[in-house]
Amino acid sequence: MEIEDNVEASVKDKEEKRILKSLAEPLLAWYDANARILPWRENAAPYRVWMSEVMLQQTRVEAVKSYFERFMKALPTIQALAEIDDDALLKLWEGLGYYSRARNVKKTAKIVVEQYGGEFPSNYDDLMELPGIGSYTAGAISSIAFANPVPAVDGNVLRVISRVLASKEDITSQSVKKKVEDELRATMPQLKPGAFNQALMEIGATVCVPNGMAKCEICPLNQLCKANILGIVMDLPKKTPKKPRTIEEKTILVIKSGDKVAIRKRCSKGILAGLYEFPNMEGYLSEKEVLYLVKQMSLSAIRILKLEDSKHIFTHKEWHMIGYVVKVEELEQNNSILKDCFFVEPAEIEERYPIPTAFQRYTKYINIILGNDKFKD
DNA sequence: AACACGGGGCT
DNA sequence: AGCCCAGTGTT
């Protein structure tokens, strides 16, 4: 019985290997005719490939386009990136999300300049040592910029391979990803590995799509795709469901003094690390409670206005926010709200301070005129 | 293996 | 409202 199982497994392995090896020809032909024109495809310089791949981590192509072009214009060389000021770097990344990526590209730029003479390493294992470069990005850089036959397995590739092989294994498990990487490393073409990897992802992004109907009619792989043949494309891939988001309630204060507004720098660890924000606290505070706190710091007239409620959704949590604009004069030092805050003009925020999207909506209230009807003593 | 880490677009 | 995206790092 054990022997029969082994024989069966071996037959299945060979079948899978045969299918994977037959992918390259139709895939490369399709890619030649259907590759999208994208900014980072103008040329495959390692610096460009690296930056685009990092930006594309968990981020849609459409969102990355403008960021990539602006970033490469501002920092045309890896030397320029290695030397840029942290706030200026985050300002270039503002709104793109996963800000540790920005910190990591700068760390890597420094290493490449100092340890590699400014030239990116080409092989997979060296790339894997660099901050912010994992198995996917190492494979993408090595194959696309240096033509090394190593796989670049992202969510698209996992979905496509899962369907082509009609595999019911859970693609969210790391062991499955590792297995797909190993199988592709053994079967992918030695010629044009960069085009092969990009073609696999491009099929996933434009044909073998995750939501809605996969376009199997126009897929170059439809004749050899087991899920298509078996009619189970919509049932694949299998994934374990995600944990529900936790909800956090916050009160945001837009504190105005003259033409300036109070902001502060966030902690260097955790969510939105190192970005700037309006002072805020846990929980919903009433107008009275805010006023009480604000009175401790302001010696004279105070006006306050409640703002519209807002909600910001992250991957793993939701911020439900209420906000107030508060006009203050004559500040006392070292009060609790304004601890770590400093006052800046709106124009400075726009050009200098990176503000996460969750707080961006409150910037429009900086210039609000507070009427006398809201005056409180 | 599980979790933290952004933001946005599509169904 | 849920899904998921050209994933990586930490625990």
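To find a chain, count down the sequence lines: A is the first, B the second, and so on, and within it residues start at 1. Computed from heavy atoms alone, side chains included, the values below leave out hydrogens, waters and symmetry copies. In this text the structure is predicted, and so the values were computed from the model without any measurement.
For the residue pair A:Thr206 / A:Arg36, no side-chain donor-acceptor distance below 3.5 Å is found, with atom types taken as modelled. A donor atom on one side chain and an acceptor atom on the other are not found under 3.5 Å apart for A:Tyr136 and A:Gln57. A donor-acceptor pair shorter than 3.5 Å can be found between the side chains of A:Asn156 and A:Asp154.
Salt bridge status for A:Arg18 with A:Glu15: present, with a side-chain N to carboxylate O gap under 4.0 Å. A salt bridge is absent between A:Lys91 and A:Asp87: the closest approach of a Lys/Arg side-chain nitrogen to an acidic carboxylate oxygen does not fall below 4.0 angstrom. Under 4.0 Å is where a charged nitrogen must lie from a carboxylate oxygen, and between A:Asp182 and A:Arg185 at least one such pair does. In summary, A:Glu277 and A:Arg264 engage in a salt bridge, as defined by a charged side-chain N under 4.0 Å from a carboxylate O.
Checking the phosphate oxygens (OP1, OP2) of B:dG6, no side-chain nitrogen or oxygen of A:His312 falls inside 4.0 Å. Taking side-chain N and O atoms only, A:Thr357 has a distance below 4.0 Å to OP1 or OP2 of B:dG7. Contact between the side-chain N/O atoms of A:Ser135 and the OP1/OP2 oxygens of C:dG7 is not found at any separation under 4.0 Å. Dashed line: the shortest gap from a side-chain N or O of A:His316 to OP1 or OP2 of B:dC5 is under 4.0 Å. Contact annotation: A:Gln57 side-chain N/O to C:dG7 OP1/OP2 distance is not under 4.0 Å.
In this structure, A:Glu202 reaches the bases: a heavy-atom distance under 4.0 Å links it to at least one base atom across the strands shown. Counting non-hydrogen atoms under 4.0 angstrom, A:Ser52 reaches nothing in the nucleic acid. Counting any heavy atom pair closer than 4.0 Å across all strands shown, A:Lys317 reaches sugar-phosphate atoms only and no base atom.
Closest to the side chain of A:Arg60, out of B:dC5, C:dG7, C:dC4, is C:dC4. Relative to the side chain of A:Gln174, the nucleotides C:dA6, B:dA4, B:dA1 differ in distance, and B:dA1 lies closest. Distance from the side chain of A:Phe314 is smallest for B:dG7 among the nucleotides C:dC4, B:dG7, C:dA6. Which of C:dC4, C:dG7, B:dA1 sits closest to the side chain of A:Asp154 comes down to C:dG7. With C:dC5, C:dA6, B:dG6 as the choices, the nucleotide that has an atom nearest any side-chain atom of A:Asn156 turns out to be C:dA6. The listed nucleotides are B:dG7, B:dG9, C:dA6; the one nearest the side chain of A:Val61 is C:dA6. Among the nucleotides B:dG6, B:dC3, C:dT8, the one closest to any side-chain atom of A:Lys243 is B:dC3.
By the 6.0 Å contact criterion, NZ on A:Lys250 is enclosed, its count of non-hydrogen atoms from other residues, nucleotides or ligands being greater than 12. Open room surrounds NZ on A:Lys179; 12 or fewer heavy atoms of other groups in view lie less than 6.0 Å from it. Atom CD of A:Gln360 sits in a crowded spot, with more than 12 heavy atoms from other residues, nucleotides or ligands closer than 6.0 Å.
For the pair A:Lys269 NZ and C:dT10 P, the interatomic distance rounds to 10 Å; values are reported in whole Å. Atom CE in A:Met201 sits about 13 Å away from atom P in C:dC5, given to the nearest Å. The distance between atom OH of A:Tyr136 and atom P of C:dC4, rounded to the nearest whole Å, is 19 Å. Taking atom CD on A:Glu248 and atom P on B:dA4, their separation rounds to 11 Å, with Å as the unit. In this entry the distance linking CD of A:Glu53 with P of C:dG7 reads 9 Å, nearest Å. In this structure, the NZ atom of A:Lys177 is 14 Å from the C1' atom of B:dA1, given to the nearest Å. Nucleotide C:dA6 holds its C1' atom 16 Å from the CG atom of A:Leu127, rounded to whole Å.
With P as the reference atom, C:dA6 and B:dT11 are 14 Å apart, rounded to whole Å. Nucleotides C:dC5 and B:dC5 are separated by 14 Å at their C1' atoms, to the nearest Å. Only the C1' atoms considered, B:dG8 is 23 Å distant from C:dG9, to the nearest whole Å. For the C1' atoms, the distance from C:dC3 to B:dG6 is 16 Å, rounded to whole Å.
Residues from residues 78-107 of chain A placing a heavy atom under 4.0 Å of any atom in DNA chain B, listed by number, are A:Gly95, A:Leu96, A:Gly97, A:Tyr98, A:Tyr99. Less than 4.0 Å separates DNA chain B from no heavy atom of any residue of residues 33-50 of chain A.
Ring orientation note: the planes of A:Phe359 and A:Trp319 are nearly perpendicular, at an angle over 60° on the 30°/60° scale.
Where A:Ala205 and A:Ile133 each meet DNA chain C at their nearest nucleotide, the meeting point lying more 5' is that of A:Ala205.
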